[in-house]
Amino acid sequence: QVQLVESGGDLVQAGGSLRLSCAASGSIFRINAMGWYRQAPEKQRELVARITSSGSTNYADSVKGRFTISRDNAKNTVYLQMNSLKPDDTAVYYCNLEALVGMPSNRRSDVYWGQGTQVTVSS
């Protein structure tokens, strides 16, 4: 069993900052990548940022230069520092984990999602 616990969502004014955290726990053998996605009302879920086990990152064009994704490998935790927030950033943000999980007799690659944390940016 794998769990993702997110925190950090809040209501903030435009131009403000927030830091999201997501901690992974459970039967994780190796984390391949962690990331953040978001879904605004009546829109599809979209990738915000992703970081691989080697530290490679990629970002949505809309957040480049404003958001930074990072990882603490010892804590199996991923962070999303969000600066210069805009009303268009308002969404539920979901943590995503791509990992090799399970016991040696049942090891497999799998993908997991957090429960989501609300970020609201007021104008």
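- A donor-acceptor pair is defined here as one N or O able to donate and one able to accept, closer than 3.5 Å; no such pair exists between the side chain of T120 and the backbone of L11.
- Note: the hydrophobic cluster containing V78 also contains I28 (ILVMFWY, side chain heavy atoms under 4.5 Å, direct or indirect links).
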Side-chain donor-acceptor pairs under 3.5 Å in residues 34-44, sequence neighbours left out?
residue	atom	partner	partner atom	Å
R38	NE	E46	OE2	2.7
R38	NH1	D89	OD1	3.0
R38	NH1	Y93	OH	2.9
R38	NH2	E46	OE2	3.3
R38	NH2	S62	OG	3.3
Q39	NE2	K43	O	3.1

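- Not a single side-chain hydrogen bond (donor to acceptor under 3.5 Å, both in side chains) links S7 to another residue, sequence neighbours left out.
- By the side-chain hydrogen bond (donor to acceptor under 3.5 Å, both in side chains) test, S25 is found to be paired with Q3, residues two or more places apart in sequence or in another chain being considered.
- Here CG of L80 is found 8.5 Å from OG of S70. Values are rounded to the nearest 0.5 Å.
- Residues I69 and F67 are not in side-chain contact: their nearest non-hydrogen atoms beyond the backbone lie 4.5 Å or more apart.
- Among residue pairs with one or both ends in residues 108-123, those qualifying as salt bridge (Lys or Arg N to Asp or Glu O under 4.0 Å) are R108-D110; sequence neighbours excluded.
- The structure places CD of Q118 at 10.0 Å from CG of D10, a figure rounded to the nearest 0.5 Å.
- Atom NZ of K75 and atom OG of S21 lie 9.5 Å apart (nearest 0.5 Å).
- Looking at Y79 and D72, their side chains come closer than 4.5 Å, going by heavy atoms from C-beta outward.
- A continuous path of ILVMFWY side-chain contacts below 4.5 Å connects V92 to V111, so both sit in one hydrophobic cluster.
- For E98, the salt bridge (charged side-chain N to carboxylate O under 4.0 Å, His left out) test picks out R50, with sequence neighbours left out.
- Under the 4.5 Å side-chain heavy-atom criterion for Ile, Leu, Val, Met, Phe, Trp and Tyr, V63 and V12 are members of the same hydrophobic cluster.
- Using a 4.5 Å heavy-atom cutoff, the side chains of N58 and L47 are in contact.
- In this structure, the side chains of V101 and Y112 come closer than 4.5 Å at one or more pairs of heavy atoms.
- The main-chain N or O of R66 is never found under 3.5 Å from a side-chain atom of Y59 such that the two would form a donor-acceptor pair.
- Under the 3.5 Å distance criterion, with hydrogens and angles disregarded, a donor-acceptor pair is assigned to the side chains of S17 and N83.
- Judged purely by atom type and a 3.5 angstrom limit, E6 uses its side chain to pair as donor or acceptor with the backbone of G116.
- Under a hydrophobic clustering in which Ile, Leu, Val, Met, Phe, Trp and Tyr are joined whenever their side-chain heavy atoms come within less than 4.5 Å, directly or via other members, L85 and Y94 fall into different clusters.
- Connection of I31 to L20 is established within a shared hydrophobic cluster, with ILVMFWY side chains joined at heavy-atom distances below 4.5 Å, either directly or through further cluster members.
- Taking the side chain as every heavy atom from C-beta outward, V2 and L97 approach each other to under 4.5 Å.
- Every residue two or more places apart in sequence or in another chain was checked for a side-chain hydrogen bond (donor to acceptor under 3.5 Å, both in side chains) with Q115, and none qualifies.
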